[in-house]
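The first residue in the sequence is number 1, and the count goes up from there.
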Amino acid sequence: MDKELILKRLKELTDLIKKHNYYYHTLDKPKITDQEFDKLVKENDILEKKYPSLILKNSPNKSYGSKVKNNFRKIKHDSQMYSLANAFDNNDIKEFIKRSVKFLNLDNDDDFQYICEPKIDGLSLNLVYKNGNLVSAGTRGDGYIGEDVTENILNIKNIPVKLEKDFPDFIEIRGEVFLNKSDFERLNSKLENKYKFANPRNAAAGSLRQLDISISHSRPLKFIPHGIGKCSNNFDKIENYYKQLKSWNIIPNNLIKKCGSVEEIIKFYNQIDQKRSGIDYDIDGLVVKINSFKLQERLGYVGKNPRWAVAVKFSAEKANTIIQSVDFQVGRTGAITPVARLQPVNLGGVIISNASLHNFDEINKKNINVLDLVEIERAGDVIPYVTRLVKKNSKLNTKIKPPRNCPICKSDVLKEKDEAILRCSNTYGCSSQKIGRIIHFVSKKSLNIDGFGEKQVKQLFNLKYINKVEDIFSLEKFESEIIKLDGWGKLSFSNLINSINNAKKISLDKFIYSLGIRFIGEVNAEILADEFKKLDVFISSSNNISLLENIDGLGPKAIASIIDFFSKDINKETINKLKNHLSITFIKNEPLDNFFSNKHLVFTGTLSKLSRDEAKYLAKTRGAKILSSISKKTDFLIAGEKAGAKINKAKQLDIKILNEKEFLKKINL
């Protein structure tokens with residue numbers, strides 16, 4: 001074959017592969033199938049192998065991420081990245097402060113100072129510096145493990161590769177990657193209408209998470225720091241940490257304000273809310289943080305949220321539209337939710353066509369029906385919902401009636417006592433509940449399987465390639481069929497299998513959460529993992545009511561749900577099958593080496609220097625387990641003033657009793 005023709009074809013293939021990589025990776029809108037893309041790559045590889053002297057300088061095989069769509073390398077954070085609890089009004093701000101004061105056992109918040117700054121609507125990033133050198137950058141991910149985007153952020157001006165002076169040996173600097181509104185508009189103006197990004201946050205996330213790093217580098221990404229993780233140096237206040245960041249040319253937000261009272265916070269919140277339309281980047285609220293790192297350490301964390309900070313969201317965005325129809329959706333727990341199909345309306349840059357009606361009691365209370373003009377609201381990331389009736393359609397006199405049977409499987413519908421929700425009674429046979437359980441199982445907070453979202457789960461379920469959660473580990477046997485499906489190919493299927501294999505190592509708390517037991521969210525899953533440490537121990541203890549009732553923080557609904565879940569053979573069979581595929585380990589940050597490590601404590605009476613909640617929290621961080629009642633299992637009773645009958649029982653069982661002073665000494669305070 002003529003070398004000129006070969007060279008010409010190699011150039012054509014390079015241009016085609018680069019173009020379709022752009023549609024696939026950058027816009028997430030492929031114009032050709034995976035099979036067609038694979039053919040281009042294969043042809044290019046064959047020609048390069050046969051004619052190595054003709055390989056182009058810009059060969060697809062020399063471009064990072066252009067040969068195949070690989071997943072980002074996973075990166076473990078040295079300290080967990082937390083998310084903020086939300087507040088929505090002045091009362092929520094006051095409650096946040098009131099809780100902090102109570103937890104610290106103070107009379108008031110006179111000693112508090114607050115750092116308040118706009119909450120940027122971007123993508124969280126963790127920068128790691130060792131000896132002043134940038135060694136890694138990772139996305140938040142699940143808080144423990146994110147994606148390594150180190151190469152992608154090297155062109156962001158506000159992220160130096162080296163800290164110049166007075167740097168610690170090790171530090172995690174946390175902040176937000178975002179696009180200015182003006183830069184977002186310029187970026188979108190270069191894209192075809194069908195490929196435009198919906199909002200700056202999506203554009204920032206899409207720009208950062210590029211396998212072809214040249215695309216990330218070409219985008220005008222910005223970074224603003226707002227937090228700190230693990231650090232070898234100690235800072236006393238946030239404001240001093242921010243001053244140090246400035247000396248390293250990592251510039252914090254220029255709209256930060258230090259406040260000394262709830263009145264000042266509310267005033268500043270209103271000021272930022274009024275001027276946010278004039279700020280050249282999207283913000284969705286105000287973050288309020290207690291300035292003192294010492295108080296932050298005392299307050300600690302509850303579940304995934306710090307007790308010392310809160311995100312006060314701006315007023316929910318609202319719009320009016322017409323209900324075109326009402327459908328009934330069935331979730332993984334059998335809950336039947338009425339959903340309004342709306343005349344599409346733009347709400348905060350997002351086109352909304354569906355909104356939750358919550359339940360039938362709410363429908364009756366709001367007097368809502370099809371063809372009515374209603375107000376919808378969307379606060380933060382919350383699913384849009386109908387807030388009120390704006391105008392009744394006089395032509396329609398009927399009401400939206402609750403179904404007598406499940407809209408999916410036609411089984412009987414039940415209404416549990418003290419619940420407004422209707423549920424399908426066919427827990428293990430209803431296809432919608434099965435799909436819901438699989439979606440929950442592969443979701444970000446559970447196994448976190450990349451590329452396995454609701455759309456893929458429904459497609460593979462409906463085609464009978466999966467029917468239960470454990471079936472996802474047997475998908476390889478259907479490769480020849482799946483790669484022929486619309487939207488699939490060898491590349492995307494291979495990526496999915498890799499993601500599934502990468503998810504096989506899972507912590508015990510995430511596995512417990514992934515099972516979808518009612519009332520067992522992330523916090524309760526962590527409590528159970530901390531208590532039992534091994535899955536088999538948890539299973540064998542699942543019917544022990546007295547043991548479960550003695551676990552601090554576990555409520556009666558959660559306990560009843562655990563007992564019910566493990567009373568079903570089908571659930572035990574599922575777990576046994578999953579154990580063959582997964583490596584389930586108990587992962588816990590090492591507690592401080594302390595006298596109370598692995599000891600069982602019960603508290604009674606009133607403490608003077610600490611609140612009961614803080615005392616429990618401090619004991620837990622030192623490896624103790626907190627029980628609700630005295631038993632032979634109890635190692636120590638911590639007794640404050642006005643202690644009750646627990647002291648007598650402890651004496652009867654010969655359990656060691658410590659007063660507050662002795663307790664504080666044992667935890668080195």
Side-chain angles (χ1 to χ4, degrees), residues 81-90 92-94 96-97 112-127 140 156-159 173-185 199-205 208 220-228 237-246 249-291 296 305-306 308-317 348-350 378-382:
M81 292 183 74
Y82 292 87
S83 55
L84 295 175
N86 290 331
F88 294 97
D89 54 34
N90 295 348
D92 288 343
I93 300 173
K94 292 174 183 176
F96 158 67
I97 295 171
F112 286 7
Q113 288 179 328
Y114 307 92
I115 295 296
C116 302
E117 56 192 295
K119 184 177 181 296
I120 297 175
D121 194 13
L123 194 72
S124 294
L125 191 71
N126 185 53
L127 304 174
R140 181 184 183 278
I156 300 178
K157 293 179 181 178
N158 201 23
I159 300 179
I173 297 172
R174 286 163 179 177
E176 211 77 7
V177 173
F178 64 98
L179 276 174
N180 280 339
K181 293 176 185 175
S182 51
D183 291 328
F184 164 71
E185 294 296 338
N199 52 56
R201 189 194 184 284
N202 288 0
L208 182 66
L221 293 167
K222 303 286 191 300
F223 175 77
I224 283 185
H226 56 54
I228 185 172
K237 296 178 180 178
I238 297 174
E239 58 181 313
N240 295 331
Y241 166 60
Y242 280 176
K243 285 177 185 176
Q244 187 67 64
L245 286 176
K246 287 179 183 178
N249 200 31
I250 304 176
I251 311 301
N253 201 304
N254 62 352
L255 293 172
I256 292 172
K257 183 176 177 60
K258 183 166 71 172
C259 297
S261 67
V262 67
E263 290 76 21
E264 284 186 62
I265 295 171
I266 292 169
K267 182 179 178 181
F268 184 58
Y269 168 83
N270 291 330
Q271 289 172 351
I272 294 296
D273 192 11
Q274 289 168 11
K275 66 166 66 172
R276 64 170 159 151
S277 60
I279 299 173
D280 194 25
Y281 47 84
D282 276 346
I283 59 176
D284 57 3
L286 186 76
V287 177
V288 180
K289 297 181 277 194
I290 291 174
N291 194 11
Q296 286 186 19
N305 308 132
W308 44 264
V310 69
V312 190
K313 292 300 188 84
F314 291 131
S315 302
E317 296 181 85
V350 179
R378 182 174 180 265
D381 296 325
V382 178

Item to check | Residue from Arg201, Lys181, Lys313 passing salt bridge (charged side-chain N to carboxylate O under 4.0 Å, His left out) with Asp121 | outcome: Arg201

Next on the checklist: Counting C-beta onward and ignoring hydrogens, is there a side-chain heavy-atom pair between Arg276 and Phe314 closer than 4.5 Å?
Outcome noted: yes

Next on the checklist: The criterion is salt bridge (Lys or Arg N to Asp or Glu O under 4.0 Å); which residues satisfy it with Glu117, sequence neighbours excluded?
Outcome noted: Lys289

Item to check | Partner set under side-chain hydrogen bond (donor to acceptor under 3.5 Å, both in side chains) for Tyr269, not counting sequence neighbours | outcome: none

Item to check | Contacts of Arg140 that satisfy salt bridge (Lys or Arg N to Asp or Glu O under 4.0 Å) - sequence neighbours left out | outcome: none

Item to check | Nearest-0.5 Å distance that lies between atom CG in Leu123 and atom CG in Asn202 | outcome: 10.5 Å

Checklist entry - What is the minimum heavy-atom distance between Gly260 and Glu264, and which atoms define it? => result N-OE2, 3.3 Å

Checklist entry - So Phe184 and Asp282, side chain to side chain contact (heavy atoms under 4.5 Å, CB included) or not? Walk me through it. => result CA-CA 11 Å; Phe184 164 71; Asp282 276 346; over 6 Å; no

Checklist outcome for this item: Nearest heavy-atom approach of Ile283 to Ile279 is CD1-CD1, 3.7 Å

Item to check | Steps toward side chain to side chain contact (heavy atoms under 4.5 Å, CB included) verdict (Asp92, Val310) | outcome: CA-CA 9 Å; Asp92 288 343; Val310 69; over 6 Å; no

Checklist entry - Please walk me through it: do Ile265 and Ile97 pass side chain to side chain contact (heavy atoms under 4.5 Å, CB included)? => result CA-CA 11 Å; Ile265 295 171; Ile97 295 171; 4.1 Å; yes

Item to check | Side-chain heavy-atom pair Asn126, Met81 within 4.5 angstrom cut-off | outcome: yes

Checklist outcome for this item: Here the pair of heavy atoms bringing Tyr82 nearest to Pro306 is CB-CD, 3.9 Å

Checklist entry - At their closest point, which heavy atom of Pro225 faces which heavy atom of Ile251, and how far apart are they? => result CD-O, 3.1 Å

Next on the checklist: Please check: side-chain N/O of Gln296 versus main-chain N/O of Ile290, any donor-acceptor pairing under 3.5 Å?
Outcome noted: yes

Checklist entry - Would Gln113 and Cys259 count as a side chain to side chain contact (heavy atoms under 4.5 Å, CB included) if you check the C-alpha gap in whole Å, the side-chain angles of each, and the deciding distance to 0.1 Å? => result CA-CA 6 Å; Gln113 288 179 328; Cys259 297; over 6 Å; no

Item to check | Check: Ile224 main-chain N/O paired with Asn253 side-chain donor or acceptor under 3.5 Å | outcome: no

Next on the checklist: I want to check something: taking the side chain as every heavy atom from C-beta on, are Lys222 and Asn158 in contact at a cut-off of under 4.5 Å?
Outcome noted: no

Checklist entry - So do Asn305 and Ser83 actually touch side chain to side chain, heavy atoms under 4.5 Å? => result yes

